[in-house]
Amino acid sequence: MGGQREEPENESGLTVLLALLANLGIAVAKIIAALITGSASMAAEAAHSVADTFNEILLMVGLRRSGRPADRRHPFGYGKERYIWTLLVAVAIFGMGALFSYYQGFETLIGARSGAEADPLVGYVVLAVAFVLEGISWQQALRQTRAAAREEALPFFAYIRRTDEPTAISVLLEDSAALVGLLLAFGGLGLHQATGSAVWDGIGSVLIGVLLTAVALVLGRINLNLLIGNQADPRIVDDVRARLYAAPEVEWVVDIITMTVGADRVLVCARLDFRDALTAADVERACVRMARELRDAHEEIDEVFLEPVPRDDPELRERVIARYGRTLRPKSPEV
């Protein structure tokens, strides 16, 4: 199971590395262009690229640290640490990129600077080169995300909403925002040159800030849900439920709780009403067998806990109804 996870881990590492190299070169070029042209939009884009470079470092740290094996202090592993580092990426996008873009934009609008920019051609060249480099990184992130969506047999946007692997999604959203931001900067630079009014440059910078704020909110929401503890893919939950009901020793599935504990790592807890004629040894052997069958059926399942309970216990019934709004029902009417 560990070997099967290595390929997506390596793919995510390549995606992040390409984005890091691209953003580092772009950030240096944009800083130089911003100093030469004095453009607020270019300065906002420079801050954007600096934030993205810092973010790729955070993502690489998260990939490395979340891959550590489980130990005594962390029996379920370190998988959720990736979500913490990716959440920090969302904070950095807003704190380093969006706020600086707002500052540059509003300062330009309030100051109402006028006149032509110094050598705007430098800005156009840098933006064009940056667009090519960002496009290469964006294509890698898009390719990985599409491949993962196909592997999960999910539509592209459904995969983005459900995924427990936010690294490639983070790079994809960052690079998408970068491409749109470059177009906004190009528009602000061009309109400033055409009209002689720095208002357009300021508007471009503010719009880049709005764009980065939106990306930060989306990334933050995705990782917040994963940190809280998302349920596993509903298809996995349905299959686990069906397999437990299919076991000859099980009379009723009283409760199923699943939680994502890392990228492609799922915890399954189930409360089962076993047939009364079974001995304690029969129940023990059945639990071991069913846990093994569930892990064999789904490589994402790391740990399985099965608890024998009576299905008519009032406290358990209340807890299940509080969680799902009803008691669990058999998948097949004949059960």
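Here, residue 1 is the first one in the sequence, and each next residue gets the next number.
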Do the non-hydrogen side-chain atoms of [X] and [Y] ever get within less than 4.5 Å of each other?
| X | Y | answer |
| --- | --- | --- |
| V171 | W138 | no |
| L183 | F131 | yes |
| V50 | F100 | no |
| C269 | L267 | yes |
| I257 | D255 | yes |
| V261 | M259 | yes |
| F274 | P310 | no |
| E307 | L272 | no |

Between [X] and [Y] (side chain of the first, backbone of the second, donor and acceptor by atom type, cut-off under 3.5 Å), is there such a pair?
| X | Y | result |
| --- | --- | --- |
| R82 | G79 | no |
| D201 | A40 | yes |
| S205 | S41 | no |
| T258 | A232 | yes |
| T260 | V266 | no |
| T163 | P166 | no |

Determine the minimum heavy-atom distance between [X] and [Y], stating which atoms define it.
| X | Y | result |
| --- | --- | --- |
| I169 | T145 | CD1-CG2, 3.6 Å |
| I222 | I160 | CD1-O, 4.4 Å |
| Y124 | G190 | OH-CA, 3.2 Å |
| T53 | L24 | OG1-N, 3.4 Å |
| L219 | S170 | CD2-OG, 3.3 Å |
| A92 | A51 | O-CB, 4.1 Å |

Please assess Y159 against E151 for the test side chain to side chain donor-acceptor pair (under 3.5 Å), listing each intermediate value before the final yes or no. CA-CA 10 Å; Y159 171 78; E151 186 177 339; over 6 Å; no
Working to the nearest 0.5 angstrom, can you tell me the gap between [X] [atom1] and [Y] [atom2]?
| X | Y | atom1 | atom2 | answer |
| --- | --- | --- | --- | --- |
| M290 | R243 | CE | CZ | 13.0 Å |
| L21 | I26 | CG | CD1 | 10.5 Å |
| Q231 | I256 | CD | CD1 | 9.5 Å |
| L224 | T86 | CG | OG1 | 12.5 Å |
| N23 | D175 | CG | CG | 6.5 Å |
| D313 | R319 | CG | CZ | 10.5 Å |

Check against side-chain contact (heavy atoms from CB on, under 4.5 Å), L59 and F54: CA-CA 9 Å; L59 290 175; F54 179 70; over 6 Å; no
Given the rule that I, L, V, M, F, W and Y join up when any side-chain heavy atoms are under 4.5 Å apart, are [X] and [Y] in one cluster?
| X | Y | value |
| --- | --- | --- |
| L58 | M60 | yes |
| I208 | V180 | yes |
| L88 | L172 | yes |
| L212 | V210 | yes |
| L184 | L182 | yes |

Residue F186 excluded, over 12 heavy atoms near CZ under 6.0 Å: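 Check fails, neighbour count at 12 or below.
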Would the number of heavy atoms belonging to other residues, nucleotides or ligands and lying under 6.0 Å from CZ of R146 be above 12?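 No.
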V132, V126, L133 screened by side-chain contact (heavy atoms from CB on, under 4.5 Å) with V129, the one that passes: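 Going through V132, V126, L133 one by one, the side-chain contact (heavy atoms from CB on, under 4.5 Å) with V129 is satisfied by L133 alone.
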Can we say [X] and [Y] salt-bridge, meaning some charged N sits less than 4.0 Å from an Asp/Glu carboxylate O?
| X | Y | value |
| --- | --- | --- |
| R275 | E249 | no |
| D233 | R235 | yes |
| R289 | E293 | yes |
| E303 | R265 | no |

Sequence-distant partners of R64, side-chain hydrogen bond (donor to acceptor under 3.5 Å, both in side chains), two or more places apart: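 Listed in chain order: nothing, the list is empty.
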Parallel, tilted or perpendicular: which fits the ring planes of Y245 and W252, with parallel below 30° and perpendicular above 60°?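 It falls in the perpendicular class, over 60°.
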Please work out whether the ring planes of F106 and Y102 are parallel, tilted or perpendicular, with thresholds of 30° and 60°.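 Because their plane-to-plane angle is under 30°, the rings of F106 and Y102 count as parallel.
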side-chain contact (heavy atoms from CB on, under 4.5 Å) evaluation trace for S101 with L99: CA-CA 5 Å; S101 298; L99 291 181; over 6 Å; no
Test E174 against E56 for side-chain contact (heavy atoms from CB on, under 4.5 Å), laying out the working first. CA-CA 10 Å; E174 285 179 8; E56 309 317 331; 2.4 Å; yes
D282-T279 side chain donor-acceptor pair, cut-off 3.5 Å: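 D282 vs T279: donor-acceptor pair found between side chains.
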How far apart are the C-alpha atoms of H298 and R295, what are their side-chain angles, what is the distance that settles it, and do they pass the side-chain contact (heavy atoms from CB on, under 4.5 Å) test? CA-CA 5 Å; H298 300 281; R295 286 193 294 265; over 6 Å; no
